[in-house]
Amino acid sequence: MNNFLFVAAENDALANCKAGGMGDVVRDVPRQISERGDKVHVVVPSYGRLHQDGLFKTNLNIELRGLNYTAELYEVKPKKEFSNIVHYVLHHPEIEAGDIAHIYHNDPEEPFYTDAIKYFIFCTAVAEAVKKGSFGKVDIIHLHDWHVSLLLFLREYHKDYKNLKDIQFAYSIHNLAIQGIRPFDDNYSSLRNWFPNVTFDYKALMDYRYQDCINLMAVGIRFADVVHTVSPSYKEDVMLPSSPPEFIGGEGLEKDLQKADEEGRLVGILNGCNYKNINQEEKGFIYRNTVKAIFRWLQEESKKYKADFLAHTGEKIMEFVDNRPKFIVSSVARLTEQKFYFFKRSPEAFVEILKKLEEVDGIFMLLGTGAPEYEELFRDLSYKHRNFVFTNGQSENLIDSIYLESDLYFMPSLFEPCGISQMLAMRNGNPCLAHHTGGLKDTVSHMKTGFSFDGSTYEEKIKNMTETFDLALDVFKNDKPTWNKIQTAAKKKRFTWKKSVDDYYKFLYNL
């Protein structure tokens with residue numbers, strides 16, 4: 001039996017421990033591993049809240065900033081129990097919940113300031129737990145994104161954690177654009193402040209653009225035994241330099257990725273999607289679930305400032321309860337540049353789409369939270385356009401209803417490492433309209449399982465996006481046999497975790 005340790009910032013096997021697709025991966029891959037008879041321990045930070053009903057396991061005494069720190073390891077109950085999987089959270093008062101999904105901090109003045117501190121503490125405590133044998137004898141440690149790459153720094157340079165060199169490390173890149181860049185020196189949230197007694201090689205850790213800083217995403221790529229992108233097409237994309245907004249590639253790390261590829265350490269494996277034991281909402285409840293979510297948010301202290309807006313959305317939704325729209329286009333995503341750059345830069349293209357929807361008695365439903373400027377843009381558009389329903393919050397029931405009851409799922413991502421939303425939409429027979437990039441290339445086939453747009457310039461992409469939307473509407477209105485065929489093909493398509501994890505064992509874990 002192989003013994004795995006998954007280390008990540010998110011884990012959707014636990015309640016309220018997800019901000020994005022990484023949480024799905026950290027939930028689903030261990031389940032596949034357990035089915036093969038191997039054991040998995042999954043550890044994430046407690047963010048000051050997830051440990052409260054947990055079973056205390058051990059204190060972890062570590063040295064940081066030249067001081068003694070004590071972190072606490074708890075075993076916690078998942079949403080669903082699976083054999084051979086044990087879930088843990090690690091608690092320390094300085095590992096606080098952030099403002100993004102009660103996980104990440106958004107520090108506008110100094111990006112990654114607070115997050116770097118909490119993940120420095122978390123990773124060092126995890127290294128101590130491995131050394132103490134808290135997870136048994138670990139064979140493979142699987143790290144996810146920059147938040148946990150510090151374990152590779154500790155393996156490389158820290159005298160107390162040389163034992164980590166005996167363990168194989170796999171490193172998954174979920175979002176290359178977010179790199180965890182912090183100063184080496186002269187800052188409370190700097191590497192030297194937290195590890196004053198560790199001798200390290202500045203050049204091996206530095207960011208190419210900000211050479212007085214460590215790039216924690218680069219640390220993962222440079223020091224892991226195997227590096228993994230979450231789709232084959234994204235692997236090809238990231239080995240090329242970015243040229244935004246026309247093309248998003250290696251984001252300054254393409255040379256590191258090319259080197260990893262030359263060394264046989266870089267592999268692209270498409271994420272899977274869960275097709276078993278899924279929460280199924282009843283059809284016909286999409287508007288009711290929207291209203292329920294709105295009333296719940298109105299009671300939350302943090303949502304009070306949005307009361308007028310939520311009430312406005314509620315009023316709009318009540319109209320649709322009686323007069324149901326004939327066509328629903330939807331998007332569920334974090335409101336970020338990655339997901340909605342095209343709409344932010346060219347709102348007139350989005351307005352054109354809304355006007356075309358009016359002609360078929362259609363609406364556009366968008367659910368998400370994120371960057372303030374994107375929330376403001378969509379709030380403003382929702383006031384002006386009756387057929388744009390912007391739900392500025394999170395609700396699993398409503399999200400399930402949106403995937404189930406939409407006619408077309410819109411995914412205009414500027415770049416997409418893999419994407420899970422298009423798979424969830426397709427699982428429900430909901431064709432997608434997607435930008436032909438990254439993992440969307442590997443999952444959405446134009447006029448077969450959905451609709452796809454691209455272009456060699458930004459202007460071309462926007463023009464092709466609206467023209468592809470016209471095409472989708474035209475097929476829906478005037479060519480029902482083709483529309484039904486696309487729907488059926490989308491629903492039949494299977495991106496199974498079994499296939500993905502077969503490839504993990506072969507290429508990522510070398511088992």
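Computed from heavy atoms alone, side chains included, the values below leave out hydrogens, waters and symmetry copies.
- Counting only heavy atoms from C-beta outward, the side chains of Phe340 and Leu366 approach each other to under 4.5 Å.
- The side-chain hydrogen bond (donor to acceptor under 3.5 Å, both in side chains) search around Ser83 returns none, not counting sequence neighbours.
- Residues satisfying the salt bridge (charged side-chain N to carboxylate O under 4.0 Å, His left out) test with Glu35, not counting sequence neighbours, are Lys276.
- Among Asp442, Asn271, Leu440, the one residue that satisfies the side-chain contact (heavy atoms from CB on, under 4.5 Å) test with Ser231 is Asp442.
- Remark: Phe295 CZ is loosely packed, at most 12 non-hydrogen atoms of other residues, nucleotides or ligands lying under 6.0 Å away.
- Using a 30° and 60° split on the angle between ring planes, Phe6 and His142 fall in the tilted class, from 30° to 60°.
- Under the 6.0 Å cut-off for aromatic ring centres, Tyr104 and His147 qualify, their centroids lying closer than that.
- The ring of Tyr113 has its center no closer than 6.0 angstrom to the ring center of His105.
- Atom NZ of Lys493 sits in a sparse spot, with 12 or fewer heavy atoms from other residues, nucleotides or ligands closer than 6.0 Å.
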Run the side chain to side chain contact (heavy atoms under 4.5 Å, CB included) check on Phe469 and Leu357 step by step: do they pass?
-> CA-CA 10 Å; Phe469 185 77; Leu357 276 171; 3.8 Å; yes

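- Residues Cys17 and Leu50 meet the side-chain proximity criterion, which asks for heavy atoms closer than 4.5 Å.
- Under the 4.5 Å side-chain criterion, counting only non-hydrogen atoms from C-beta, Asn175 is in contact with Phe415.
- Using a 4.5 Å cut-off on side-chain heavy atoms (C-beta onward), Thr437 and Ile248 make no contact.
- Remark: the backbone N or O of Glu109 is not paired with any side-chain donor or acceptor of Asp107 at under 3.5 angstrom.
- One N or O on the side chain of Ser500 and one on the backbone of Leu270 form a donor-acceptor pair closer than 3.5 Å.
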Please step through salt bridge (charged side-chain N to carboxylate O under 4.0 Å, His left out) for the pair Glu10 and Arg27, ending with a clear verdict.
-> CA-CA 9 Å; Glu10 304 174 29; Arg27 175 196 68 212; over 6 Å; no

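- Looking at His435 and Lys461, their side chains do bring a donor and an acceptor atom within 3.5 Å of each other.
- Taking the ring centroids of Tyr275 and Trp497, they lie at or beyond the 6.0 Å cut-off.
- Looking at heavy atoms from C-beta onward, Leu55 lies out of side-chain contact with Tyr74 at the 4.5 angstrom threshold.
- Between Phe364 and Leu354 the shortest side-chain heavy-atom distance falls below 4.5 Å.
- Ring to ring, Phe342 and Phe350 are not that close: their centroids are 6.0 angstrom or more apart.
- Applying the side chain to side chain donor-acceptor pair (under 3.5 Å) rule to pairs touching residues 469-481 yields Lys356-Asp470, Asp474-Asn478, Asp479-Thr482, sequence neighbours excluded.
- Distance check: Phe122 CZ to Leu90 CG gives 6.0 Å after rounding to the nearest 0.5 Å.
- Taking the six-membered ring for Trp and the full ring otherwise, Tyr341 and Tyr374 have centroids separated by 6.0 Å or more.
- Looking only at atom types and distance, the side chain of Thr443 has a donor-acceptor partner in the side chain of Gln422 under 3.5 Å away.
- With ring centers used as reference points, His228 lies under 6.0 Å from Tyr504.
- Heavy-atom contacts from other residues, nucleotides or ligands closer than 6.0 Å to CD of Gln52 number more than 12.
- Note that CZ of Phe112 is 9.0 Å distant from CG of Asn215, once rounded to the nearest 0.5 Å.
- Looking only at distances, no side-chain donor or acceptor of Asn397 sits under 3.5 Å from a matching main-chain atom of Asn289.
- Remark: Arg324 fails to qualify as a cation-pi partner of Tyr287 under the 6.0 Å distance and 45° angle criteria applied to the six-membered ring.
- Around the NZ atom of Lys448, the shell of radius 6.0 Å holds no more than 12 heavy atoms that belong to other residues, nucleotides or ligands.
- By the ring pair (Phe, Tyr, Trp, His ring centres under 6.0 Å) test, Tyr409 is found to be paired with Tyr403, residues two or more places apart in sequence or in another chain being considered.
- Residues forming a ring pair (Phe, Tyr, Trp, His ring centres under 6.0 Å) with Tyr47 (at least two apart in sequence, or on another chain): none.
- The salt bridge (charged side-chain N to carboxylate O under 4.0 Å, His left out) test applied to Lys344 returns no partner, not counting sequence neighbours.
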